[in-house]
S.K.: 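There's a structure below that I have some questions on.
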Amino acid sequence: MEFAGISLDTKALKKFSAKLDDEINELRNQIHAAAGSEFNIDSPKQLGVVLFDDLKLDDKPKKTATGQYSTRETELLRLAPSHAIVRDVLEYRNAVKLKSVYVDQLPEAIRPDTGRLHTHYSQLWTTTGRLQSNNPNLQTIPIRKARGREIRAAFVARDDDHLILSADYSQIELRIMADLSGDETMMSAFRDGTDIHRSTASKVYKVDPDDVTREMRDKAKTVNFGIIYGISAFGLQQRLNIPREEAHDLINNYFEKHPGVQAWIDSTIEFAKEHGYVATRTGRRRFLRDITSGNKSLQRASERLAMNSPIQGTAADLLKLAMIRVHHALRAGGFKTEMLLTVHDELVFDMHKSEIETVIPVITEAMQGALPMSVPIEVETGYGANWLEAH
DNA sequence: AATTTCACG
DNA sequence: ACGTACGTGAAATTA
């Protein structure tokens, strides 16, 4: 994959760069006008002084670890509805980030001899077994916001004979938690092929699945991710912007309806305290020196790692096993399709157009069978002229 | 070199 | 009283 590289539409990025420049200049002017001074918006320190000392947008602004005003996105979002300057700062930050990290840097990283982008993967350093990608990092290419999607669309197929194919595991970490814990509720949800967030919503809100609203499903989705990370009521309250009581109820209801998950978390933490490590399904270990620490917050943090690492780590093991199987399957089948990128639960390919019908089932099967699990593994595929269309 | 912020899964 | 969800890499500013 490192040798293969991926093609970038530099012409499109160049146009986008000019457009971002215009947006950035206009936003900078508006921000300076609203502030009444020409400060450096890129400096969190100066920005904090402008927003909280000069304009006094918040009576009790949150501070960072070193005592500065915090100007991070979650803080600014609370002020955005009532203050245009804050909305402009958020837009400005988004545009500057995209321009500096992606739009202007990626074309520089193209290797002149191949005309393609070659990332470097490291298997050595992450604590959970995931791969790292750097120089350039191709595992953080934008997709969530509208502006960023233009960058993803610049990752294009090799030539007119190829398309970008994306194959990603659906809800892989939740499926792994179902497998590791053997929780009956989760296992039947996945076996029935139901929408897992809707299913969780019907449990934590104690309503019929048909009566789950959009809002209930969205909140249940946050609960599901929170469980994987070792949620606290405080954390859920912050993320959902709900009262503490409601957050407590959601978590209590979740564990009441998923006793297998609760038991698995408890026994995993207990195992970590006894042995000093936890392990993925294939046996990769993560040692947790602070799991028996007298420092409560260190211990709590270690407990979250104890339950999260087997889940994230098993997903990493699964994808690496899948990559080996895909590699052999492509070679055995004599395919021209080439594996290019891996992004934690996704594989990206240059797919030869003549192989659309044949190669997709081969890749899907190789990924699904990488690690036998007690719940179905689903792989979603899509293809198009670029990485955005493939999703 | 440390801090702050933000892009992704 | 404290701190508050897991794993990363990179850029700009500050110390």
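Just so we're clear, the structure is a prediction, and the values are computed from it rather than from any experiment. Chain identifiers are assigned alphabetically (A, B, ...) following the order of the sequence lines, protein sequences preceding nucleic acid strands; residue numbering begins at 1 within each chain. Because only heavy atoms are used, hydrogens play no part in the values below, and waters and symmetry mates are left out as well, while side chains stay in.
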S.K.: Regarding A:Thr194 and A:Ser199, do their side chains bring together a donor and an acceptor under 3.5 Å, going by distance alone?
M.R.: no
S.K.: Looking across every strand, which nucleic acid part, if any, lies under 4.0 Å from A:Gln132 by heavy atom: base, sugar-phosphate, or nothing?
M.R.: sugar-phosphate
S.K.: Surrounding NZ of A:Lys353 (heavy atoms of other residues, nucleotides or ligands, distance under 6.0 Å), is the total greater than 12?
M.R.: yes
S.K.: Report yes if a side-chain nitrogen or oxygen of A:Lys45 is closer than 4.0 Å to either non-bridging phosphate oxygen (OP1 or OP2) of C:dA15; otherwise report no.
M.R.: yes
S.K.: Starting at atom CD of A:Gln237, determine the distance to atom C1' of C:dG3, rounded to an integer number of angstrom.
M.R.: 13 Å
S.K.: Quick one: do A:Glu150 and A:Arg147 make a salt bridge, cutoff under 4.0 Å?
M.R.: no
S.K.: For B:dA7, which nucleotide is its Watson-Crick or G-U wobble mate, given both distances must be under 3.5 Å?
M.R.: C:dT8
S.K.: For A:Arg87, is there an ion pair with A:Glu91 - N to carboxylate O distance below 4.0 angstrom?
M.R.: no
S.K.: What are the 5'-most and 3'-most nucleotides of DNA chain B lying under 4.0 Å from any heavy atom of chain A?
M.R.: B:dT3 to B:dG9
S.K.: When the P atoms of B:dT4 and C:dT4 are considered, how many whole Å apart are they?
M.R.: 13 Å
S.K.: Are any of the side-chain nitrogens in A:Arg281 or A:Asp317 under 4.0 Å away from the carboxylate oxygens of its partner?
M.R.: no
S.K.: Roughly how far, to the nearest 0.5 Å, is the CD atom of A:Glu256 from the CG atom of A:Asp249?
M.R.: 10.5 Å
S.K.: Thinking salt bridges, do A:Asp345 and A:Arg175 make one under a 4.0 Å N-O criterion?
M.R.: no
S.K.: With the threshold set at under 4.0 Å for non-hydrogen atoms, list the residues of residues 263-295 of chain A touching DNA chain B in residue-number order.
M.R.: none
S.K.: Is the phosphate of C:dG9, meaning OP1 or OP2, less than 4.0 Å from a side-chain N or O of A:Thr119?
M.R.: no
S.K.: Rounded to the nearest angstrom, tell me the gap between atom CD in A:Glu346 and atom C1' in C:dG7.
M.R.: 17 Å
S.K.: Does the side chain of A:Tyr69 come under 3.5 Å of the side chain of A:Asp53 through a donor N or O and an acceptor N or O?
M.R.: yes
S.K.: Determine, for A:Glu270 against A:Lys273, whether the closest basic-nitrogen to carboxylate-oxygen distance falls under 4.0 angstrom.
M.R.: no
S.K.: Atom CD of A:Glu173 to atom C1' of C:dC6: distance rounded to whole Å?
M.R.: 8 Å
S.K.: Atom pairs under 3.5 Å, N or O on each side, protein against nucleotides 10-12 of chain C: can you list them with distances?
M.R.:
| unit_1 | atom_1 | unit_2 | atom_2 | d |
| --- | --- | --- | --- | --- |
| C:dA10 | OP1 | A:Asn135 | N | 3.0 |

S.K.: How long is the line joining CZ of A:Phe39 and P of C:dT13, in whole Å?
M.R.: 13 Å
S.K.: Does the distance from a Lys or Arg side-chain N to an Asp or Glu carboxylate O, for A:Glu23 and A:Lys99, drop under 4.0 Å?
M.R.: no
S.K.: Salt bridge between A:Glu73 and A:Lys145, side-chain N to carboxylate O under 4.0 Å?
M.R.: yes
S.K.: Between A:Arg304 and C:dC6, is there a side-chain N or O to OP1/OP2 distance below 4.0 Å?
M.R.: yes
